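All of these numbers come straight from a predicted model, not from anything done at the bench.
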Amino acid sequence: MPALWPRTQQQRLTAGGSGKFPGQLQTNPLIIPPVSRDECTISTVLSKSGKYGFYSVQCLREVTVYSSPLTAMFAEQSSTLLSAIPASPGYYQDGDVIIGGLFSLRATLRDTKYMFGFQDTVHLPDFVFAALTKHYQHLLAMVFAVEQINKDVNMLFNLSLGFYIFNTDFIAMKATESSMSLLSGKSPPVPNYNCRAEKKDELVAVIGGVSTVISTPISRVLSLYNIPQISYGPFDLSLRDRVQLPALYQFPRDSTALYQGIIRLLLHFGWVWVGLVVPDDIRGEMFLRDMTQEMDNNGLCVAFAERISEFPAEDRVKSDIFQMKITTTNVSIVFGDTYSLLRFVYNIFCTDITGIIFVTISDWDLTTIPFEPSQSYTYFGGGLSFSVHMDEIPGFKDFLRIVQPAKYPHDIFIQDVWSMIFECPHLSKDGIRKLSRCAQNDTLASRSLDIWDMNTSAQSHKVYAAVHAIAQALHEELSLQVEEQYLDKDKNLTPHPWQLHPFLQRGQLERSVGKGNIMNKTTSTTRLDIFNYQSLLNGTKAQVKVGEFIFQSHGVQHLSLNDELITWGEREMDPSTDCYSNCIPGFKKTLLEGKPICCFACSMCPDGEFANETDMDECVKCPEDHYVNEVKSQCLPKILTFLSYEDTLGVVLVSVAISFFVLTALILGLFIFYRHTPIVRANNTNLSYVLLVSLMLCFLCPLLFIGQPSPATCALRQVFFAVVFSVAVSAILAKTFIVVVAFKATKPGKASQMRLVSRGSNAIVVLGSLIQGCICMAWLGTSPPFPDVDSQAEFGHLVLLCNEGSPAAFYCVLGYLGFLALLSLMIAFVARRLPDTFNEAKMITFSMLVFCSVWVCFLPTYLSTKGRLMVAVESFAILASSAGLLGCIFLPKCYVILLRSDNISRKKLLEHIPSITQ
């Protein structure tokens, strides 16, 4: 971590200090803390013997810079630090064939040089900023697999399998050096020489590379000698270059299944505003590209994308900027492995960010903070992790329970790992380390999850599978030799490394893990387990399986999640990840200009549309037979309605119609009773009877408009109305014609002339009605009216009404009635100056004015109304126009007949009105 290590000449130096010591028996231990950056530093304990110490993390508020005398004292004491550092020989077990193992148990910074004001450079030992004790399980998985294979006498035809294991500490140079040590059989290596005794234990394959930064230099060395290498780290497309890295093999990963699993999880919880954290490398960029595309396709948004630089690269992100990004949302997807995310974990710890739910993969162990394991749950509790489903390795847990330093005395790594796992120091004398003050019967099963996990990790499973894949390849090669009868006592039985490539290339890795259901190219189904990091009732921390995701190659997906098993760490409820507040039912999301799709405003659904769910993108239109409620959250069935006789409006119209009908009938009876009087006989008695009867029928017309429409009533009511009104208006036109002709005649008393006028008036009534009847017959024959439903006229109702069929025919009927009325008005207007004693022309003129006014007002009112009001408007127009004709023409005559019959003599009346017989 060079960005956090001092490079200036002035350094802070204190004696003693905080932190845990590995237990070397020395005095005055030195702590060389780096200069504070973003108020957080890492301190390393160094002893006089030069052994690296245990780390501690300190978040400092002040940095003390000491003067040069202290620096000089440090230089004097540190001159002996590296004088006794032995080379790391590795863990070796003899065998006829050897498998190399290159693991990374620590994250260190090697060969760091510091100047302290002198010309000589002081070389410090490896600077350990993270001891990954759980990675020791990878090594034990290899030891366990080798022991299993050696117990099977039929596996390698009596050949024994050995191993040679090195710790590379995530350092490329150390990985290269260890690879060369495997080739030469000696540490330090002798390049291009085989230093093995009798050259019997031949190296046939190497398992190594938990990260790309380690796998690449290993493969470049081993490829020179065509030795197969199996990487147990995360799958990386950059390692598939068969030209540069021809001997490297990886376990496949179905990225599509992982992406879809994460997407389904986000949709399940409604997390649409999430952050992405990836390593700053090609793997991280590809994950950002693919995951961002998948999120866009599913309406999810990236709140931020944070690229984490690996140690020892410099961290250029300031703590305040980092904190601002991470706290943008409550849920973040983290892609990467434990090593590549060390700086991310370190920044989370130093910025003291809690309450964030991390969704990750099994390559990153979120159960521990390497810098302060006891606080792992504080920062990462409630996190969810996707892991490829794998069955437990049979017998591996039992093997881990019996692992102790005394049982594996040649394991040079167990002493350091054991001292850190059980927090007990160890002695170091003459390069030999011995544990002290540690219980001899301690087992790994007794340690907490943040220090050791008894469950098999994904990497350990890969290591175990890789050993069996190599053993199976050896077995198949030896079987071929037996079949070809190449086997003899004097011949070397050990296959050459290059002979294993054909077997590994034929999918040996996929077959070796097939029993564990690990995804591969040949299977059609991928199963991912979902774990939740939580604190159990007894206070222990555990990774609890809470669900699974099944993805099939033909696109079938199934997410099974038990929400009741999930705990959210320090949260009391599910985390929310919206950019803005949710849009409640009745509102839809409205995108904001310049903002991501997940940042939106809420707008109410328009009329006729509803939204019955939260955060709907678009409102849904209600069916024709439904209507939206007031809050626009659901559709309700519309109520069938029509202008019925029970409605108040219907009762009023019926009452008025019957009243006028009765009144007209009474007037007709009155005229019949006084049929011999001059006032009745004047202006043709038959026309008066026809007009009164037609008006009675006109008053009955609204009864056809009221009630539930049927095909018969729809076809009959308009035709009946049109014909009856045509008769009434034609009769008025005939009466107008008689008045004008009678008073304009040169010889008023001539009987033959009067009979001719009477026949003409009758012809006018018949012809006027016949024309209207023809129009109605054409209407019924071409496009007759029919029952219909209007779903838009009245809110919440389906209005049953009559569709006029042909609007043009309907307006032709009204137009013809208007023509007759206008013609009568014009003729009566001509006769307005006739004698005033009893001028019927004035009455006709006024009645036609009323009639025309009613129907002129009717048209715009009719067109502007909908539903039941259309029926009411037309019924009112019929009643009003009929009442106007009745009142203007006949009520004055009734007044004369009933009240003033004595004041108008026949002689006086006939002086002004010609005698007109029936």
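- The ring-ring contact (aromatic ring centres under 6.0 Å, His included) test applied to F587 returns no partner, not counting sequence neighbours.
- No donor-acceptor contact under 3.5 angstrom links the side chains of Y464 and T456, judged on distance only.
- For R264 and Q260, the side-chain atoms include at least one donor-acceptor pair closer than 3.5 Å.
- Between L300 and E294 the shortest side-chain heavy-atom distance does not fall below 4.5 Å.
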T351 and I326: side chain to side chain contact (heavy atoms under 4.5 Å, CB included), yes or no, with the steps? CA-CA 10 Å; T351 52; I326 297 299; over 6 Å; no

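- With no hydrogens or angles considered, a side-chain donor-acceptor pair links D352 and Y379 at under 3.5 Å.
- Between the side chains of H461 and D391, no donor-acceptor pair is found at a separation under 3.5 Å.
- Counting heavy atoms from C-beta on, the side chains of S448 and K541 never come closer than 4.5 Å.
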Could you please spell out the steps behind the salt bridge (charged side-chain N to carboxylate O under 4.0 Å, His left out) verdict for D617 and K589? CA-CA 5 Å; D617 295 325; K589 296 191 295 185; 3.0 Å; yes

Using side chain to side chain contact (heavy atoms under 4.5 Å, CB included), reason through Q323 and N347 one step at a time and then give a plain yes or no. CA-CA 9 Å; Q323 185 174 17; N347 289 336; over 6 Å; no

Apply the test ring-ring contact (aromatic ring centres under 6.0 Å, His included) to residues Y533 and Y377: give CA-CA distance (whole Å), side-chain angles for both, the deciding distance (0.1 Å), then the verdict. CA-CA 8 Å; Y533 182 31; Y377 187 77; 5.5 Å; yes

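- Between R220 and L245, some side-chain heavy-atom pair lies under the 4.5 Å cut-off.
- Using a 3.5 Å distance cut-off with no hydrogens or angles, the side chains of Q250 and S231 do not pair a donor with an acceptor.
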Would you check, one step at a time, whether the test side chain to side chain contact (heavy atoms under 4.5 Å, CB included) holds for D450 with T367? CA-CA 5 Å; D450 53 358; T367 65; 5.7 Å; no

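- In this structure, the side chains of Y249 and H501 come closer than 4.5 Å at one or more pairs of heavy atoms.
- Of the N and O atoms on the side chains of S603 and T590, at least one donor lies less than 3.5 Å from an acceptor on the other residue.
- Under a 4.0 Å N-O distance rule, the pair D169/R106 qualifies as a salt bridge.
- Judged by the 6.0 Å and 45° rule, K325 forms no cation-pi pair with F304.
- When side chains are defined from C-beta on, Y136 does not count as touching F103, because their heavy atoms never get closer than 4.5 Å.
- Taking the side chain as every heavy atom from C-beta outward, D337 and R283 approach each other to under 4.5 Å.
- Between P575 and the options V274, V331, T329, a side chain to side chain contact (heavy atoms under 4.5 Å, CB included) holds for only V331.
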Show your working on ring-ring contact (aromatic ring centres under 6.0 Å, His included) between Y232 and F251 and close with a plain yes or no. CA-CA 7 Å; Y232 66 96; F251 287 91; 8.9 Å; no

Do K632 and D607 pass the salt bridge (charged side-chain N to carboxylate O under 4.0 Å, His left out) test, and can you show the C-alpha distance, the side-chain angles, and the key distance before you say yes or no? CA-CA 8 Å; K632 300 184 178 180; D607 293 338; 3.0 Å; yes

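- Side chains of S460 and S457: a donor-acceptor N/O pair is present below 3.5 angstrom, by distance only.
- In this structure, the side chain of E310 does not engage the main chain of R343 through any donor-acceptor pair within 3.5 Å.
- F380 and F358 have tilted rings, their planes meeting at an angle from 30° to 60° on a 0 to 90° scale.
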Determine whether F335 and W364 satisfy the following criterion, side chain to side chain contact (heavy atoms under 4.5 Å, CB included), listing intermediate values before the conclusion. CA-CA 8 Å; F335 176 82; W364 177 38; over 6 Å; no

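- A donor-acceptor contact shorter than 3.5 Å is absent between the side chain of S387 and the backbone of D529.
- Within the 4.5 Å cutoff, the side chain of I308 has no heavy atoms near those of the L342 side chain.
- Side-chain N/O atoms of N532 and K545 include no donor and acceptor closer than 3.5 Å.
- With hydrogens and angles left out, the side-chain atoms of D296 and T292 include no donor and acceptor closer than 3.5 Å.
- Defined by atom type and a distance below 3.5 Å, a donor-acceptor pair is present between the side-chain atoms of T168 and S104.
- For the pair I451 and T133, the tightest heavy-atom approach, listed with the atom from each and the gap, is O-OG1, 3.0 Å.
- Note: F170 and H135 have tilted aromatic rings, judged against thresholds of 30 and 60 degrees for the angle between ring planes.
- Using a 4.0 Å cut-off between a side-chain N of Lys or Arg and a carboxylate O of Asp or Glu, K588 and E609 do not qualify as a salt bridge.
- Ring geometry, F399 versus F144: the interplanar angle falls from 30° to 60°, so the pair is classed tilted.
- Taking the side chain as every heavy atom from C-beta outward, V278 and R307 approach each other to under 4.5 Å.
- Not a single ring-ring contact (aromatic ring centres under 6.0 Å, His included) links W273 to another residue, sequence neighbours left out.
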